[in-house]
Amino acid sequence: MRAQFLSTVLRAATRPSFAVSTARATPLLVRGVHGHAQESFESFSERYVNFFENAEDLFEVQRGLNNCFAHDLVPSPGVVEAAVRAARRVNDYATAIRIFEGIKEKVENKQQYELYLQELKPLREELGLTLKEELYPSS
């Protein structure tokens, strides 16, 4: 038994050590400057138009809307159109209407919202969307 213990100790002594060296003063993970480039508005719009064109179910559409509206900018009318078409493609009328409510909250003033509504009016007519303001004029 003692010989077996001695051979185990000797084998352990000859193995390479995996212990952390004390000479190392810097940590393994250091947060540096992020290498992400600032995304342009055009590439942002193109990315989300492509995303919504390829969304296959309601979860993807809502996840894309969450991500899109989380940015500190108002999505372009092209992105809004792709999102509304995606919502109608997955047969969710409420999400299509909520997109317009999100735009209303994101724009700086009422005139900008009116411009969005004017530009997207043919889309709303094509898809048969009635906005909250049209249903409930007093609210």
Side-chain angles (χ1 to χ4, degrees):
M1 174 109 156
R2 184 180 156 113
Q4 185 181 12
F5 176 74
L6 186 59
S7 68
T8 304
V9 170
L10 290 176
R11 264 188 272 136
T14 60
R15 286 189 202 142
S17 175
F18 293 110
V20 178
S21 172
T22 57
R24 182 163 138 195
T26 59
L28 287 175
L29 299 173
V30 177
R31 293 185 97 176
V33 177
H34 296 290
H36 301 290
Q38 186 71 17
E39 185 177 30
S40 69
F41 184 71
E42 290 77 21
S43 63
F44 172 86
S45 296
E46 182 181 340
R47 178 166 58 105
Y48 277 101
V49 167
N50 289 336
F51 178 85
F52 288 122
E53 286 175 350
N54 296 317
E56 295 180 2
D57 61 2
L58 180 59
F59 176 78
E60 284 186 45
V61 173
Q62 290 176 342
R63 181 175 58 103
L65 287 169
N66 246 354
N67 293 338
C68 182
F69 278 90
H71 291 275
D72 191 24
L73 51 84
V74 182
S76 70
V79 173
V80 174
E81 179 178 353
V84 170
R85 288 189 185 279
R88 293 301 287 144
R89 186 175 58 247
V90 299
N91 199 24
D92 191 24
Y93 185 84
T95 298
I97 300 302
R98 294 287 293 167
I99 293 169
F100 286 98
E101 291 178 29
I103 292 295
K104 187 176 184 178
E105 292 297 320
K106 289 288 279 189
V107 295
E108 293 180 0
N109 53 47
K110 189 171 182 162
Q111 290 79 23
Q112 288 178 347
Y113 180 61
E114 293 298 326
L115 290 172
Y116 269 90
L117 291 181
Q118 286 175 5
E119 186 160 343
L120 297 169
K121 186 173 182 162
L123 173 72
R124 292 187 304 125
E125 290 173 351
E126 175 189 341
L127 298 178
L129 299 177
T130 306
L131 298 179
K132 183 180 174 183
E133 302 91 50
E134 297 168 349
L135 289 173
Y136 307 105
S138 63
S139 60

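The figures that follow rest on heavy atoms only: side chains count, while hydrogens, waters and symmetry mates do not.
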(request) Go through the steps for Leu127 and Tyr93 under the test side-chain contact (heavy atoms from CB on, under 4.5 Å), then give the verdict. (result) CA-CA 9 Å; Leu127 298 178; Tyr93 185 84; over 6 Å; no
(message) For the NZ atom of Lys132 and the NZ atom of Lys104, what is their distance to the nearest 0.5 Å?
(response) 7.5 Å
Test side-chain hydrogen bond (donor to acceptor under 3.5 Å, both in side chains) applied to [X] - qualifying residues, sequence neighbours left out:
| X | value |
| --- | --- |
| Glu134 | Arg124 |
| Ser40 | Ser43 |
| Tyr113 | Glu133 |

(request) Determine, stepwise, if the pair Leu120 / Leu129 fulfils side-chain contact (heavy atoms from CB on, under 4.5 Å). (result) CA-CA 11 Å; Leu120 297 169; Leu129 299 177; over 6 Å; no
(message) For Asn54 versus Glu60, what's the shortest heavy-atom pair and its separation?
(response)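 Residues Asn54 and Glu60, closest heavy atoms: O-OE1, 4.1 Å.
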Contacts under 3.5 angstrom, residues 68-87 side chains, donor-acceptor by atom type, not counting sequence neighbours:
residue	atom	partner	partner atom	Å
Ser76	OG	Ser45	OG	3.3
Ser76	OG	Val79	N	3.4
Glu81	OE2	Arg85	NE	3.2
Glu81	OE2	Arg85	NH2	3.4
Arg85	NH1	Glu126	OE2	3.1
Arg85	NH2	Glu126	OE1	3.0

(message) According to ring-ring contact (aromatic ring centres under 6.0 Å, His included), who are the partners of Phe51, at least two apart in sequence or on a separate chain?
(response) none
(request) Answer yes or no: is there a side-chain heavy-atom contact under 4.5 Å between Val90 and Phe59? (result) no
(message) Looking at Asn109, I'd like to know if its CG atom is crowded, meaning that more than 12 non-hydrogen atoms belonging to other residues, nucleotides or ligands lie closer than 6.0 Å.
(response)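 Counting other residues, nucleotides and ligands, CG of Asn109 exceeds 12 neighbours.
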(request) Measure from the side-chain N and O atoms of Arg89 to the backbone N and O of Ala55, and report whether any donor-acceptor pair falls under 3.5 Å. (result) yes
Side-chain polar contacts of residues 95-102 - donor-acceptor pairs under 3.5 angstrom, sequence neighbours left out - could you list them?
residue	atom	partner	partner atom	Å
Thr95	OG1	Gln62	NE2	3.4
Thr95	OG1	Asp92	OD2	2.1
Arg98	NH1	Glu101	OE1	2.5

(message) Between Leu115 and Glu119, does the side-chain contact (heavy atoms from CB on, under 4.5 Å) criterion hold? Intermediate values first, please.
(response) CA-CA 6 Å; Leu115 290 172; Glu119 186 160 343; over 6 Å; no
